[in-house]
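When reading the values below, keep in mind they use all heavy atoms of this one structure, side chains included, and skip hydrogens, waters and symmetry mates. In what follows, chains are A, B, ... by sequence order, proteins preceding strands, each numbered from 1.
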Amino acid sequence: MLSYIVQRLVQTALVLFVMSFIIYAMIGLMPGDPIDLMVQADPDLTAADQQRLKALYGLDQPLTTRYWNWLTAALQGDFGYSRLFAQPVLDVLWPRLGNTIVLIGCAFLLSLVIALPAGIAAATRPRSLLDNAVNLGAFAGISVPPFWLAILLIILFAVTLEWFPAGGMTDPGEGGLLDQLHHLALPVIALTLARVGGIIRYVRAAMMEALRQDYIRTARAKGLSRRRVLISHALRNAMIPVVTILALDMGMLVSGALITETIFGWLGMGKTVYDAVLGNDYNLALMGLLFATALTLLANLAADLAYAWLDPRISYD
Amino acid sequence: MLDAMLAKSYLHGLARRPVVAYGPDWELQCMLCTELPTLENGLAEREELPNGDTGIAVTYTLKEGLSWADGEPVTSADIRYAWQVGKHPKTGVVSQQIYARIRDIEIVNDRTFVVHIDRVTYDYNATVPTPLPRHIDRAAFAQDPAQYRNQNAFDRDPTDPGLYLGPYRMVSVQRGVRAVYERNPHWPGKKPEFDRIIVRAIQNTAAMEANLLSGTVDMIAGETGMSIDQVLALETRHPERLQYKYQAGLVYEHIEFNLENPIVGDRRVRRALAYGANRQAISEQLFDGKQPVALHNVNPRDPGFTDDVQRYPYDPERARALLDAAGWTNDEPGQTRTDANGKPLRLTIMTTAGNRTRELVQQVLQSDWDRIGVDLQIVNEPPRVFFGQTVSGRDWDHMAMFAWLSAPESVPRSTLHSEQIPEKGEVGGQNYKGYANPRVDALIDRMERELDDEKRVDLWHQLLKIYARDLPTLPLYWRAQAFVLPRWLTGVEPTGHQYTTTLWVEDWGVRDPDATDQSDGGG
């Protein structure tokens, strides 16, 4: 098992190295650079200013030279400065990564709390009224655009009922746990509603498949309780495809929560990377996307290890 | 200094002050100085330079009692230090124009200094650096000027009170989310009304409106907030609940022709397009008249403005006649015109994809020009492609729609002078259309150095007559800032130019509830 993990970690490092070049090249090849954007914002910017600034930021160098300079510095632990935030890139990203993990983590847990019982209940009573109701709710969640849902939640709970704040992470001068939870509620609900439908569908399909297997019939024939058959035998096997999907969802750290973070003013990774790409903040965008890549790879490693726990037939020795 | 973002200017307006600034009346005024220096009052004097040229020496005296929010006095040394930072080639200052023009800043005493400028230009008294807190910031600059852009005190410790000299100081900040300001106890000017001002960054306009209606935010700044169509829609839904202020300003929306293209390089075609576009209807129907039609590139509030120029009211018949004269004819009304070889008059217009206002204007133009036999193809691109590649690379066929920002009485050298035409693929000026007119070049050269106001205005008028006659760009409208304010708030005066309303935050106040409601809601 240990050698398997080490092997996967080496693979992860190699993938990150290749991805760093691909991402750097893609950002660098996008039309316009930070100085081109500055020209549009400042009518006094002269040609001499443009040339001076391009040289200062190294933008007059070929892309490969710029990447090599970045890579050699990064290998020594210097990931550069964010141009937008004028701070070391890691100082910008760490707190935002924490914020996003809190947001996504809460939504993830809430989604599981809703999706597992709903998916199991629907799978055990296919085509029943309950199954139809769960499916309807799941499809509604999948179909509703996240930005629209978020705005609806704000109008209902912040504007009309005034139960929750419309945005932000804390109130000025506050910042206690209760204040943070108060601000966290609406974005978590929005993200959960947007994701839970899909997970319900996966759980339902996987459970229906598992319930058709011979070992379930055998378990029932052995006289095991319905609860034990469902939880210990069917659900455990059904979780394998669900775990795969959830692991792949770690990419949501950057893309999935972007709309929610933007609308609710939640300072997370998605919004930061989006702003960095639009603002041509190369260092920040690159590291943000590499973070997301690394997390997706590590989550998949965790999923692979979970398979062995869920299914005793799988072994990495 | 290191970043040209408007949002940062808005924030700095609460807590920092330039020495001079254009006020809401578009007149240059002292913010930190006691008297605006002029040649007339003797505070500005021509001087001979070592190389025989003529420069100018401008004397400023700082107001009494000015101090940074940590109690340290603001002195002439802070101005001189700002100039040293600004002119250094490695500090990453965005625009070095004003720093490069200054030969020296001579310190007479703590409050008086003389700015020596290497040329005589009409804006000599606006060429003065904004002070930097030398007592806090100089260590970072002295250590490594090349790292100053990352190590300066404003980025390293933005809540240090010693950085601020305005009515407020920043007390906390969550970058990208909000900044909190409280009164600066050392501000010697008028005491501001509010104990605390919180500025929040909300990127989504629907969320912005929801925040406003829920009371999470009180106002939306016109400088950086909602577009005019969104504010007009908000006003329709909530006409009484809030007050709305619209201020047309110095953002000049226009269509840039590619003058190297033989079709739109023909002045008759450009004029036909101007006559064939119902720009008044665009202004009235799309913007409720709040964004007035532009006659040319100078705003009506600008001293150089004149309306005594060639005008292009909506006149489809005249447009058709001009196209006929240019060799673009059609046999039947409603058909696309063709030239003698049967080539159809098909033009492309490009702008920033996703900009709803510009896309609406494009559709109206497409319809208008279809009536005069011009087939308009709309080809839009994401902003970074459009500005970063197409416009700067001069890589569009016929027309590109975008805006220019300028300052009051800003000489249009970068956009009209022939020496500012960038070579393809090279970094250069902003005369992307490729306009070259020796008379215009000469007028620009003269007006920059003309100190007599009347003579300079005359030069402006000459320039605008040529501009309107040649029509190197098709003027569309002056973009307006749209402010959404609570009804109780007074004193917010939109400027319409690059200086933000926050520079006069000490004039903001609360309406006396007993006073007669004289709000200019909807004005």
Identify which part of B/R200 has an atom lying under 4.5 Å from any heavy atom of chain A, answering side chain, backbone, both or neither. side chain

Using side chain to side chain contact (heavy atoms under 4.5 Å, CB included) as the criterion, list what pairs up with A/L71, not counting sequence neighbours. A/F17, A/Y67, A/W68, A/L75

Heavy-atom pairs under 4.5 Å with chain B, option from A/T262, A/T272, A/L267, A/T160 with the top count: A/L267

I'd like to know which of B/R196, B/E209, B/K90, B/R413 tops the heavy-atom pair count under 4.5 Å against chain A. B/K90

Which portion of B/I198 sits near chain A, non-hydrogen atoms under 4.5 angstrom: side chain

Tell me yes or no: between the side chains of A/Y81 and B/Q147, is some donor less than 3.5 Å from an acceptor? no

Go through A/E162, A/Q87, A/M169 and name the one with the most non-hydrogen pairs under 4.5 angstrom from chain B. A/Q87

Would you say A/T170 and B/R178 make side-chain contact, with heavy atoms under 4.5 Å? yes

Using non-hydrogen atoms and a 4.5 Å limit, figure out which bit of B/T216 sits close to chain A: side chain, backbone, both or neither. side chain

How close do A/I154 and B/A210 get, counting heavy atoms only, and between which atoms? CG2-CB, 3.2 Å

Which bit of A/L56 comes within less than 4.5 Å of chain B, counting heavy atoms only: side chain, backbone, both or neither? both

Can you list the residues that meet the side chain to side chain contact (heavy atoms under 4.5 Å, CB included) rule with B/V171, with sequence neighbours excluded? B/R169, B/V180, B/E182

Side chain, backbone, both or neither: which part of A/I151 has a heavy atom under 4.5 Å from chain B? side chain

Closest approach of A/A166 to B/N211 (non-hydrogen atoms, all atoms of both residues): CB-OD1, 3.4 Å

Chain A heavy atoms under 4.5 Å from B/Q498: which part of the residue, side chain, backbone, both or neither? neither

Side chain / backbone / both / neither for B/R156 at chain A, heavy atoms under 4.5 Å: neither

Exercise: identify the closest heavy-atom pair between B/K8 and A/L84: NZ-O, 4.4 Å

